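Input: a single structure, listed below in structure tokens.
Throughout, numbering of the chain's residues begins at 1 and tracks the sequence. Worth saying up front: this structure is predicted, and the values here are computed from it rather than measured. Note that ligands are numbered from 1 as they come in the structure, with each ligand's atoms numbered from 1 the same way.
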Amino acid sequence: MTVVTRFAPSPTGELHLGSAYSAWQCWHRARDAGGTFLLRIEDIDIRRCKREFETAILADLTWLGFTWDGAVRRQSDHFGDYGRVLDKLDARGLIYPCFCTRSDIAASANAPHGPDGPLYPGTCRHLSLQERRDRIAAGVEHCLRLDAAKAAAEAGPYSFTDEKRGRISGEPLLFGDVVIARKDTPTSYHLSVTHDDHLQGITLVTRGEDLLPSTHVHVLLQKLLGYETPLYAHHRLLTAPDGKRLAKRDRSLTIRALRDSGRTPEEVFSLLPKD
Ligand code: GLU
């Protein structure tokens with residue numbers, strides 16, 4: 001089978017050493033296998049993402065010597081696609097509008113915790129159709145949540161394979177009734193990434209191990225939507241000399257800063273782990 005990988009940065013800052021490592025992980029797997037390497041810009045967060053960062057990321061990737069196949073897919077150009085997927089889930093009663101504010105959710109302090117904090121207690125899942133309609137008509141801001149228990153029942157048991165960790169059993173309730181379309185943008189990371197991986201025929205998803213919990217939601221969505229499940233390779237995260245995770249705000253470790261300090265692409269690669 002041909003290998004198709006993708007690097008999917010969010011343009012919320014300049015490319016740093018950690019993301020260059022991630023790009024290398026995706027790129028070399030595709031190139032070693034004579035496969036395809038795609039580039040996707042994950043800019044659904046239209047307030048935090050900036051076109052100038054996108055341009056800078058592409059320039060830094062090119063400077064490092066990465067080449068990608070075909071056109072770059074920019075998620076903000078495809079909100080209509082994600083809307084159609086939401087309509088499908090809605091028609092099956094798998095999502096519901098949620099009007100709760102952050103503080104409403106924080107107030108339910110006894111709720112069990114998931115990877116992103118307290119699990120949503122399900123308050124708005126119990127609203128009647130009329131109550132939902134009235135609130136939407138009154139312009140109350142809302143997000144859309146997945147009814148995780150219903151989704152789990154429809155999907156049935158599932159699993160996925162991580163290159164290093166082997167077969168992992170899917171935990172559909174890990175994030176509870178996870179947000180599937182945000183209040184401030186008409187989709188979510190989980191929905192867009194799952195849809196795009198399917199649409200672009202990705203066979204191997206390579207990304208940082210911080211996103212491993214999210215894979216449980218992505219594979220659940222794949223099962224619900226009849227999408228193939230790719231193979232996963234969750235790689236380690238690079239840390240700064242003080243042991244903390246590299247963050248976009250660490251300007252000294254951006255590719256741009258390393259370039260400006262006179263380093264060559266080879267010298268930058270020599271800073272990255274070899275596996
Ligand atoms: N856009 C995500 C990020 O920049 C990566 C998502 C993914 O690879 O699935 O962290």
ring-ring contact (aromatic ring centres under 6.0 Å, His included) partner of Phe66, the single match among Phe7, Trp27, Trp24: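 The passing option is Trp27.
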Taking only heavy atoms of [X] into account, list the atoms of ligand 1 that are under 4.0 Å away from them.
{"X": "Ser10", "value": "1 (N), 2 (C), 3 (C), 4 (O)"}
{"X": "Val193", "value": "9 (O)"}
{"X": "Glu42", "value": "1 (N), 2 (C), 5 (C), 6 (C)"}
{"X": "Arg6", "value": "7 (C), 8 (O), 9 (O)"}

Just verifying a value: how many Å separate Leu94 CG and Asp90 CG, rounded to the nearest 0.5 Å?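 Going from CG on Leu94 over to CG on Asp90, the span is 9.0 Å.
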Any nitrogen or oxygen of Pro9, main chain or side chain, under 3.5 Å from a nitrogen or oxygen of ligand 1?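 Checking ligand 1 against Pro9, no N or O pair falls under 3.5 Å apart.
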For ligand 1, is any non-hydrogen atom under 4.0 Å from Val205's backbone (N, CA, C, O), its side chain (CB onward), both, or neither?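 For Val205, no heavy atom sits under 4.0 Å from ligand 1.
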Are the side chain of Ser188 and the backbone N or O of Ile180 linked by a donor-acceptor pair below 3.5 Å?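 Answer holds: yes.
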Taking all non-hydrogen atoms of both residues, which atom of Tyr82 and which atom of Arg73 are closest, and how far apart?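 Nearest pair, atom of Tyr82 first, then Arg73: OH-NH2, 3.7 Å.
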Consider only side-chain N and O atoms of Tyr227 and Asp197, and report whether a donor and an acceptor are under 3.5 Å apart.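 Per modelled atom types, Tyr227 and Asp197 side chains form no pair under 3.5 Å.
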Can you see whether Phe99 has Arg135 sitting over its ring - NZ or CZ less than 6.0 Å from the centre and within 45° of the normal?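 Yes - Arg135 lies over the ring of Phe99, closer than 6.0 Å to its centre and within 45° of its axis.
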Within-shell test, Tyr189 vs ligand 1, heavy atom, strictly < 4.0 Å: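 Heavy atoms of Tyr189 do come under 4.0 Å of ligand 1.
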